[in-house]
Amino acid sequence: MPHRLSQRAGRTAVIGFVLIALLALAGTASGTTTPDAPTTAEYVVSGADTLAARNAVAAQGAVINAAEHGVLDVTATPREVDRLRALGYRVERRVTAAARVAPEPAGRPGDFPPQDSGYHNYPEMTAAIDRIMAEHPSLVSQRVIGQSYEGRDIVALKVSDHPGADEDEPEVLFTHQQHAREHLTVEMALYTLRMLTGSYGDDQRVTNLVDDREIWIVPTLNPDGSQYDIATGSYRAWRKNRQPNAGSRAVGTDLNRNWAYRWGCCHGSSGAPGSDAYRGSAPESAPEVARVADFVRSRVVDGQQQITMAIDFHTYSELVLWPFGHTSKDTGPGMTAENAAVFQTLGKQLARTNGYTPMQASDLYVTDGTIDDWLWGDQGVYAFTFEMFPGAGGLSGFYPGDEVIDRETSRNREAVLRVLSYADCPQRVIGEGC
Ligand code: GEM
Ligand code: CA
Ligand code: CA
Ligand code: ZN
C-alpha cells in the first residue's frame with residue numbers, strides 16, 4: 001500500500017540492515033587458509049537506493065549486509081559481482097577489514113578472543129544452561145530435539161511452572177543463532193532463561209507468565225557454524241551451517257533460506273552452493289532446520305498448533321520484522337487484512353519498547369525460505385524476526401564487544417514479556433476477541 005511505503009521510505013534510507021556473511025575477508029584478515037577457501041568477499045554497491053534496486057541486488061544471490069543511504073554492503077561471489085555490474089551498478093571491493101574481525105590477541109582455538117570472553121561458546125553455553133537448570137529444576141526442563149550436521153545436540157529448553165507436564169497453555173517459541181556469527185543472540189537466549197527463572201516469585205508479571213505459558217527457547221540452531229566461526233581463535237564471519245554440498249567445494253547452507261514454505265520461490269535466495277544465501281538442495285535439507293521444524297510440528301496437539309507466537313533472533317540492524325518476506329504484498333494468500341493488522345500493530349508496539357525500527361520483512365528486500373514465513377505460512381504462528389544491536393557497522397557489526405551484552409539483551413526484556421502476554425490471543429492487540 002502506497003501510504004505504508006512512503007511512510008517507510010525515509011526510515012529505510014538510514015537503516016543498516018544486515019544479512020550475510022563474509023568469508024573471504026575474514027579468512028584473509030585472520031591469516032588463515034581453509035580447505036573450503038571462500039569464494040565470497042565484501043563489496044560496496046552504489047546506485048541501489050530503491051526497494052526495487054535492493055530486490056534486484058538480492059535476486060542475483062548477493063547478500064545485503066547493510067543498506068544505508070543507497071549504498072549497500074554486500075557479500076558476493078565474483079560471478080554475482082559480474083551480474084551486478086552488468087545491471088549497471090557500481091561495485092567496489094571493500095578493502096578495509098573490520099578491526100574486530102581479526103582481534104588481537106586471538107583466543108584459544110574454539111574460544112572467543114580474551115577481550116570477548118563474556119560471550120559463551122557452545123560448551124560454555126551448555127554449562128551455563130546446566131547451571132541454571134540445576135538452580136531452577138522446578139521451572140526448566142530440556143529436550144534434545146536432534147543433532148546438527150556435525151553431531152552437536154540441538155536443545156529446546158522449556159520454562160514453565162510444571163516444565164515436565166504438557167499443560168493446556170499457550171506456547172511461545174524463541175529461536176537463536178540460525179546464523180553462526182550472530183553470537184549476541186545466544187546471549188539473548190541465556191538472558192531470557194535467567195530473567196524468567198531469576199524473577200520468578202519476585203516479579204508478579206514474570207511469575208504469572210511463567211505459570212500460564214509454556215515457553216520454548218532454542219538457544220542455538222547452528223552450533224557447528226558457531227564453533228567454526230571461532231575455531232581459529234579469530235572471527236571468520238561465518239554465516240551458514242557446516243554441511244558439505246554435493247559437487248561443490250563450498251560448504252554450508254543458509255539456514256534462514258531453507259525453511260519449507262515457498263522455498264526458493266521468489267528470487268530471495270541463491271541456488272549456488274558458494275553463495276552466502278544458498279538455500280540448500282531441498283526444503284529442510286539442513287538437518288538443523290529439519291529438527292527444529294519437526295519440533296514445531298510436534299507441538300500440534302489435537303490438530304491445534306500450541307505455539308501461538310515466536311521471535312527469531314538475529315544481528316544486526318536493530319529491526320523488528322514480520323512476514324511475509326517472500327512477497328512485497330501486505331496481504332494476499334495466507335495473510336488476511338486482519339492478520340497483517342496484528343503483525344503491524346504488535347510489531348510497531350514491540351519496536352517502541354526497544355527502539356528498533358519496525359517493518360514488514362520484504363520492505364528491506366525479498367527473502368524466501370525464512371523461518372518467520374514458514375512459522376506463519378505453514379504453522380499459523382505469529383512470528384517476528386528481531387535484528388539486534390548494533391544499528392549499523394559493516395562486518396564488525398557482528399562482533400560488538402562483550403561489554404554490550406547486558407545492555408543489549410535486557411533491552412529486549414519488555415518485548416519478550418509483551419509477546420508472552422499476547423500469546424493467549426494475539427488478535428487482542430487490535431481489539432479483537434478470541
Ligand atoms: C536476515 S532476516 C531476513 C529478513 N526477512 C525475513 N523474512 N525475516 C536474513 O536471514 O538474511 C537477516 C540476518 O541474517 O540477520
Ligand atoms: Ca501445552
Ligand atoms: Ca502452568
Ligand atoms: Zn541472521
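Numbering of ligands and ligand atoms starts at 1, following listing order. Numbering of residues begins at 1 and proceeds along the displayed sequence.
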Requested in this report: Would you indicate which of N256, T385, L364, D312 comes nearest to atom 10 (O) of ligand 1 when only heavy atoms are counted?
Outcome: N256

Query raised in the report: Using heavy atoms and a threshold below 4.0 Å, how should the contact between D254 and ligand 1 be classified: side chain, backbone, both, or neither?
Result: neither

Query raised in the report: Between Q178 and ligand 1, which residue portion shows a heavy-atom distance shorter than 4.0 Å: side chain, backbone, both, or neither?
Result: neither

Query raised in the report: Does an N or O from Y316, backbone or side chain, lie closer than 3.5 Å to an N or O of ligand 1?
Result: no

Query - Sphere of radius 3.0 Å around the Ca ion (ligand 2) - protein N, O or S atoms inside - result: D166 OD1, E167 O, E171 OE2, E214 OE1

[X] charged N/C atom sitting above [Y] aromatic ring, 6.0 Å / 45°:
{"X": "R242", "Y": "Y228", "result": "yes"}
{"X": "R257", "Y": "W263", "result": "no"}
{"X": "R407", "Y": "F389", "result": "yes"}

Requested in this report: May I ask you to check if any N/O/S atom from E387 comes under 2.8 Å of the Zn ion (ligand 4)?
Outcome: no

Query raised in the report: Under the side chain to side chain contact (heavy atoms under 4.5 Å, CB included) test, which residues partner S138, sequence neighbours left out?
Result: none

Report task. Return yes if some donor-acceptor pair links the side-chain N/O of D368 with the main-chain N/O of H326 below 3.5 Å, else return no. Result -> no

Query raised in the report: Counting distance only, does the side-chain N/O of S275 pair as donor-acceptor with the main-chain N or O of A272 below 3.5 Å?
Result: no

Query raised in the report: Going by atom types only, do Q178 and D312 share a side-chain donor-acceptor pair under 3.5 Å?
Result: yes

Query raised in the report: Can you find a side-chain donor-acceptor pair between S226 and Q177 that sits under 3.5 Å?
Result: yes

List ligand 1 atoms under 4.0 Å from [X], heavy atoms only on the residue side.
{"X": "T315", "result": "15 (O)"}
{"X": "E182", "result": "13 (C), 14 (O), 15 (O)"}
{"X": "L321", "result": "4 (C)"}

**Report entry** Minimum-distance N/O/S atom that H179 presents toward the Zn ion (ligand 4)
**Finding:** ND1

Query raised in the report: Which atom, among the N/O/S set of H314, is closest to the Zn ion (ligand 4)?
Result: ND1

Requested in this report: Answer whether the closest heavy-atom distance between the side chains of D73 and E42 falls below 4.5 Å.
Outcome: yes

**Report entry** Test side-chain contact (heavy atoms from CB on, under 4.5 Å) applied to D224 and R152, step by step
**Finding:** CA-CA 7 Å; D224 299 352; R152 293 183 177 87; 2.8 Å; yes

Query - Parallel, tilted or perpendicular: rings of Y382 and F343 (30°, 60°) - result: tilted

